[in-house]
Structure formats: C-alpha cells, structure tokens
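Here's the structure we're looking at; comments come further down.
Keep in mind that this is a model prediction, so the values were computed, not measured.
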Amino acid sequence: APLLVFFLVMHSLAQHNNGGGSNMTTVIALYLIGTFAAALCAVVASFAFPSTLILAEGASNAAPGGISEVIMNLLTNAVANPVASIVNANYMGILLWAVIFGLALRGANENTKTMLGNIADALGTAIRWVINCAPFGIMGLIFDTVATTGLDAMAGYLRLILVLVSCMVFVAL
C-alpha cells in the first residue's frame with residue numbers, strides 16, 4: 001500500500017495541466033465535513049454503546065505528552081528519507097515526497113507520465129489480489145481470538161461491529 005499511495009499521488013500531480021481548473025476546494029471541504037461528521041458520530045456512539053475489548057497484549061506505547069510533541073513527530077515523519085518512509089509505511093513522509101516528485105515531474109514527457117500510470121495500475125492490481133485473500137486472514141484472526149479468549153469475548157466484538165456499521169451507515173447517508 002505505501003508504494004501504491006506514493007505512485008498514485010505522484011502520477012496524479014504529474015498529470016495536472018497548468019492553468020486547468022480543479023475541484024480541490026470542494027474536495028477538501030467535503031473531506032473535512034465528512035471527517036468531522038464521522039468523528040462526531042463515533043464519539044456519540046461510543047458513549048451511547050460503551051464497549052470493552054479483551055486484547056491479548058496491552059498497549060506498549062504511551063500517549064503523547066502534548067500538542068508540541070505531536071507536531072514535532074509529524075514534522076519529523078514528514079521529512080524522513082523517502083525510501084525509509086516507504087519501507088516503514090510512514091505515510092506523512094510518503095505523501096510529502098510524492099507531492100515533491102509529482103510536482104517535479106509535471107514537466108516530464110508523456111512517456112514518463114504514462115509509465116507512472118502503468119506502475120500505479122500494476123500496484124493496484126497486485127494489492128487487489130492480496131485484498132481478495134483477506135477473508136482467509138480475518139478468519140484466522142477470529143479463530144485465534146476465540147481459541148485464546150473464548151466465545152465470551154466475541155459478544156463484545158459483535159457489539160462493537162454493530163456500532164461501527166451503524167456509524168458507517170449514518171455517515172454514508
């Protein structure tokens with residue numbers, strides 16, 4: 001997925017024609033409204049239907065100390081090495097470098113832009129094949145959870161899934 005994101009963003013920015021119209025203001029506004037509505041729905045649903053999950057291991061990471069630590073981590077991740085960002089799935093670094101390379105490739109010839117599109121299409125196909133195998137992985141995770149924690153833990157997961165699906169339906173409408 002990191003490679004796909006890298007090539008898709010780079011390809012879309014390289015394809016943009018200078019002087020051409022763009023709907024980015026509308027897209028960003030709708031994204032912000034949708035994200036806020038989803039977050040609001042999730043918070044309301046989590047208070048209306050409290051759930052507890054039984055996890056095999058406790059969380060090992062501590063919460064950040066403040067907003068300055070969050071911003072510092074965000075900036076540090078954004079300026080990371082592009083290859084290391086792809087290897088470590090550091091999406092802030094991937095997006096920053098894809099934007100830089102995409103803007104730099106605007107002046108490239110059409111063959112280069114076509115090649116970027118072909119690579120993005122090939123990666124998308126390969127990822128689609130992997131996603132088609134996801135039900136087998138999910139089945140294995142569910143079996144492991146039931147074997148480890150028993151059937152009682154599945155009731156909590158079922159309730160959580162119902163809340164999640166209802167929030168998704170609400171936001172979609």
**Prompt:** Going hydrophobic residue to hydrophobic residue with side-chain gaps under 4.5 angstrom, can you get from Leu96 over to Val99?
**Reply:** yes
**Pairwise distance CG(Asp121) to CG(Leu4) - rounded to 0.5 angstrom** = 9.5 Å
**Prompt:** Could you give the distance from CE (Met10) to CD (Gln15), rounded to the nearest 0.5 Å?
**Reply:** 11.5 Å
**Message:** Show the nearest heavy-atom pair for residues Ala1 and Tyr91, with the distance to one decimal.
**Reply:** CB-OH, 3.6 Å
**Complete:** For Asn90 and Ala80, the nearest pair of non-hydrogen atoms, with its separation, is ND2-CB, 3.6 Å
**Message:** Does any part of the side chain of His11, heavy atoms only, come nearer than 4.5 Å to the side chain of Leu8, both counted from C-beta?
**Reply:** no
**Message:** So does Val43 get a backbone contact from the side chain of Ser46, meaning a donor-acceptor N/O pair under 3.5 Å?
**Reply:** yes
**Message:** Assigning hydrophobic clusters by single linkage (Ile, Leu, Val, Met, Phe, Trp, Tyr; side-chain heavy-atom cutoff under 4.5 Å), is Val5 placed with Ile127?
**Reply:** yes
**Message:** So which atom in Leu13 and which in Arg106 form the shortest heavy-atom distance, rounded to 0.1 Å?
**Reply:** O-NE, 3.1 Å
**Item:** ILVMFWY network linking Ile131 to Leu141, side-chain heavy atoms under 4.5 angstrom
**Value:** no
**Fill in**
Taken to the nearest 0.5 Å, the spacing of Met72 CE from Leu75 CG works out to 7.5 Å
**Prompt:** Between atom CG of Asn73 and atom CD of Glu69, what is the distance when rounded to the nearest 0.5 Å?
**Reply:** 5.5 Å
**Asked** CG of Leu3 to CD1 of Ile119: how many Å apart, nearest 0.5 Å?
**Response** 9.5 Å
**Item:** Between Thr112 and Asn109: side-chain donor-acceptor atoms closer than 3.5 Å
**Value:** yes
**Request:** Please answer: with hydrophobic residues joined when any side-chain heavy atoms are less than 4.5 Å apart, are Met92 and Ile100 in the same cluster?
**Result:** no
**Complete:** In short, Ala98 meets Phe6 closest at the heavy-atom pair CB-O, 3.6 Å
**Item:** Straight-line distance of Thr148 OG1 to Phe143 CZ, nearest 0.5 Å
**Value:** 9.0 Å
**Prompt:** Are Trp97 and Leu123 connected in a single hydrophobic cluster, I mean Ile/Leu/Val/Met/Phe/Trp/Tyr linked by side-chain heavy atoms less than 4.5 Å apart?
**Reply:** yes
